[in-house]
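The chains referred to below are lettered A, B, ... by the order of the sequence lines, with proteins before strands, and numbering in each begins at 1.
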2 protein chains.
Amino acid sequence: MLSKKTKYGLKALTFIARSESDMPVQVSVIAKSEQIPQKFLEGILLTLRKSGILGSKKGKHGGYYLRSLPSEIKMTDVMRVLEGPIAMVPCVSLNYYEKCDDCPDEHKCSVHKLMIEVRDNTLKVFRNTTLADLSGI
Amino acid sequence: MLSKKTKYGLKALTFIARSESDMPVQVSVIAKSEQIPQKFLEGILLTLRKSGILGSKKGKHGGYYLRSLPSEIKMTDVMRVLEGPIAMVPCVSLNYYEKCDDCPDEHKCSVHKLMIEVRDNTLKVFRNTTLADLSGI
DNA sequence: TGTAATCCCTACTAAATTGATAGGATTAAT
DNA sequence: ATTAATCCTATCAATTTAGTAGGGATTACA
């Protein structure tokens with residue numbers, strides 16, 4: 001299941017990408033428009049900023065803005081920041097690999113093989129999709 | 001994340017598929033061999049039986065057996081029984097569709113489109129993979 | 001210089017889910 | 001009868017999720 005955090009995060013990024021002015025976009029504006037609890041969204045955008053996807057400006061007339069062009073923001077990066085590993089099991093994760101306790105030899109593990117296939121197909125989608133695609137721009 | 005339930009279930013199915021004799025396979029044997037807590041596994045196999053994937057025989061010399069050939073047991077069915085919906089959001093689920101609270105029009109939702117792509121690719125993998133593939137037979 | 005608007009940060013909490021465990025009821029072979 | 005198995009229900013601790021609360025720090029602008 002996709003977490004609300006990820007869903008809200010994607011919606012917020014889309015909103016920012018679609019905003020035409022070059023002024024930063026305020027959390028309150030996004031929260032209202034996308035029906036997201038504002039305080040919850042604050043935390044999400046903070047995470048996205050810390051990861052380098054968003055930049056921010058504090059104080060009056062502050063807000064958030066994209067650090068790159070929408071067409072250069074890949075879903076692989078966004079999803080890893082918001083949702084964590086893309087793989088469904090740590091033993092097939094590229095970025096967060098972990099050995100399974102119960103698997104003596106993972107190359108013989110039937111689950112392993114299946115999950116590698118799923119991971120590769122999901123990665124393909126996320127690698128070929130940018131924020132520009134999501135935003136329809 | 002794949003739940004332990006699903007992981008254990010897949011391993012158990014593989015184990016049964018590989019067992020050559022036509023005697024039913026006992027939970028205790030699978031649990032020991034695959035390092036799965038036996039009581040936990042009992043519940044999982046029960047679920048698989050109720051869904052029609054496994055059959056069982058009670059009493060002494062009882063156990064579980066496949067109801068179809070491994071090559072006819074598709075991962076779509078197994079995954080739906082063990083893990084639930086394949087889609088990452090209910091609004092793109094084929095079998096468990098639910099409208100999102102926060103989405104006025106899901107055809108305009110950026111998350112929706114992305115998640116349909118992920119779902120289709122994952123489905124493709126699960127549709128093209130059978131228990132025979134997992135079991136290497 | 002003051003004030004309002006805005007992001008930033010930490011801590012807390014309720015509800016749901018997960019990964020089990022416990023204890024027995026039922027069934028069937030010997 | 002005894003033994004070995006599935007079947008069933010209840011319970012539980014740990015974790016995660018989704019959100020709330022309360023304020024601190026920074027900036028624009030009157």
**Q** Compare side-chain N and O positions of A:Tyr64 against OP1 and OP2 of C:dC8 and report whether any pair is under 4.0 Å apart.
**A**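 The answer is yes; a side-chain N or O of A:Tyr64 sits under 4.0 Å from OP1 or OP2.
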
**Q** Within this structure, what is the CD1-to-C1' distance between A:Ile30 and C:dA5, rounded to whole angstrom?
**A**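 Nearest whole value for this atom pair: 16 Å.
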
**Q** Return the minimal non-hydrogen interatomic distance between B:Tyr65 and B:Lys57, and the atom names on each side.
**A**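 Residues B:Tyr65 and B:Lys57, closest heavy atoms: CE2-N, 4.2 Å.
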
**Q** Carefully, step by step, assess A:Asp133 and B:Lys113 under the rule salt bridge (charged side-chain N to carboxylate O under 4.0 Å, His left out).
**A** CA-CA 10 Å; A:Asp133 299 318; B:Lys113 278 176 266 181; over 6 Å; no

**Q** Between atom CG in B:Leu2 and atom C1' in C:dT17, what is the gap in whole Å?
**A**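 To the nearest whole Å, that distance equals 15 Å.
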
**Q** Where the side chain of B:Ser56 is defined as all heavy atoms beyond and including C-beta, which of D:dC7, D:dT3, D:dG19 is the nearest nucleotide?
**A**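 Minimum distance to the B:Ser56 side chain belongs to D:dC7.
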
**Q** Which is true for A:Gly63 with a 4.0 Å heavy-atom rule: it touches a base, it touches only sugar-phosphate, or it touches nothing?
**A**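 Here A:Gly63 touches the backbone only, sparing every base.
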
**Q** With a 4.0 Å limit, can you tell me whether A:Tyr8 has a side-chain N or O closer than that to the phosphate oxygens OP1/OP2 of D:dG19?
**A**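 For D:dG19, OP1 or OP2 has a side-chain N or O of A:Tyr8 closer than 4.0 Å.
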
**Q** Ignoring the backbone of B:Lys39, work out which of C:dG19, D:dG22, C:dT21 is nearest its side chain.
**A**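 It is C:dT21.
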
**Q** B:Met1 CE to D:dT17 C1': how many Å, rounded?
**A**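 Atom-to-atom, B:Met1 to D:dT17, this comes out as 15 Å.
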
**Q** Where the side chain of B:Lys58 is defined as all heavy atoms beyond and including C-beta, which of C:dC9, C:dT27, C:dA5 is the nearest nucleotide?
**A**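 Closest of the options to the side chain of B:Lys58: C:dT27.
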
**Q** Given that A:Lys60 and A:Arg49 both sit by DNA chain C, which one's nearest nucleotide is further toward the 5' end?
**A**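 It is A:Lys60 whose nearest nucleotide is closer to the 5' end.
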
**Q** Taking the side chain from A:Arg119 and the backbone from A:Met88, do they hold a donor-acceptor pair closer than 3.5 Å?
**A**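 Not confirmed, A:Arg119 side chain does not pair with A:Met88 backbone.
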
**Q** Looking at the base of C:dC8, is there any donor atom on it, or on the side chain of A:Glu42, that sits under 3.5 Å from an acceptor on the other one?
**A**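 Answer is yes: a donor-acceptor pair is held.
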
**Q** Starting at atom CD of A:Gln35, determine the distance to atom P of D:dG19, rounded to an integer number of angstrom.
**A**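 Taking CD of A:Gln35 and P of D:dG19, I get 13 Å after rounding.
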
**Q** For B:Lys57 and for A:Lys4, find the nucleotide of DNA chain D with the closest heavy atom, then tell me which residue's nucleotide is more 5'.
**A**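 By nearest-heavy-atom nucleotide position, the 5'-most residue is B:Lys57.
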
**Q** From CG of B:Leu48 over to P of D:dT6, roughly how many Å is that when rounded to an integer?
**A**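 Atom-to-atom, B:Leu48 to D:dT6, this comes out as 14 Å.
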
**Q** Counting the atoms with a prime plus P, OP1 and OP2 as sugar-phosphate, which does B:Lys7 contact under 4.0 Å by heavy atoms, base, sugar-phosphate, or nothing?
**A**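 The answer is nothing, as B:Lys7 stays clear of every strand by at least 4.0 Å.
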
**Q** Between A:Pro85, A:Pro90, A:Cys91, which is the residue that forms a side-chain contact (heavy atoms from CB on, under 4.5 Å) with A:Glu98?
**A**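 Of the listed options, the one satisfying the test is A:Pro90.
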
**Q** Mind listing the closest non-hydrogen atom pair of A:Arg18 and A:Leu134 along with its distance?
**A**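 Of all heavy-atom pairs spanning A:Arg18 and A:Leu134, the closest is NH2-O, 3.7 Å.
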
**Q** Please tell me which of A:Gln38 and A:Gly59 maps to the more 5' nucleotide of DNA chain D, matching each residue to the nucleotide holding its nearest heavy atom.
**A**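 Between the two, 5'-proximity favours A:Gln38.
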
**Q** Report the nucleotide, chosen from D:dG19, D:dT6, D:dC29, that has the shortest atom-to-atom distance to any side-chain atom of A:His61.
**A**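 Nearest to the side chain of A:His61 among the choices is D:dC29.
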
**Q** Could you state the CZ-C1' distance from A:Phe40 to D:dA21, rounded to the nearest angstrom?
**A**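 In whole Å, D:dA21 C1' lies 15 Å from A:Phe40 CZ.
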
**Q** Rounding to a whole Å, what distance do you find between B:Glu83:CD and C:dT17:C1'?
**A**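 Atom CD in B:Glu83 sits about 12 Å away from atom C1' in C:dT17.
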
**Q** Output the rounded distance in Å from CD (B:Gln26) to P (D:dT3).
**A**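 Value for this atom pair: 17 Å.
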
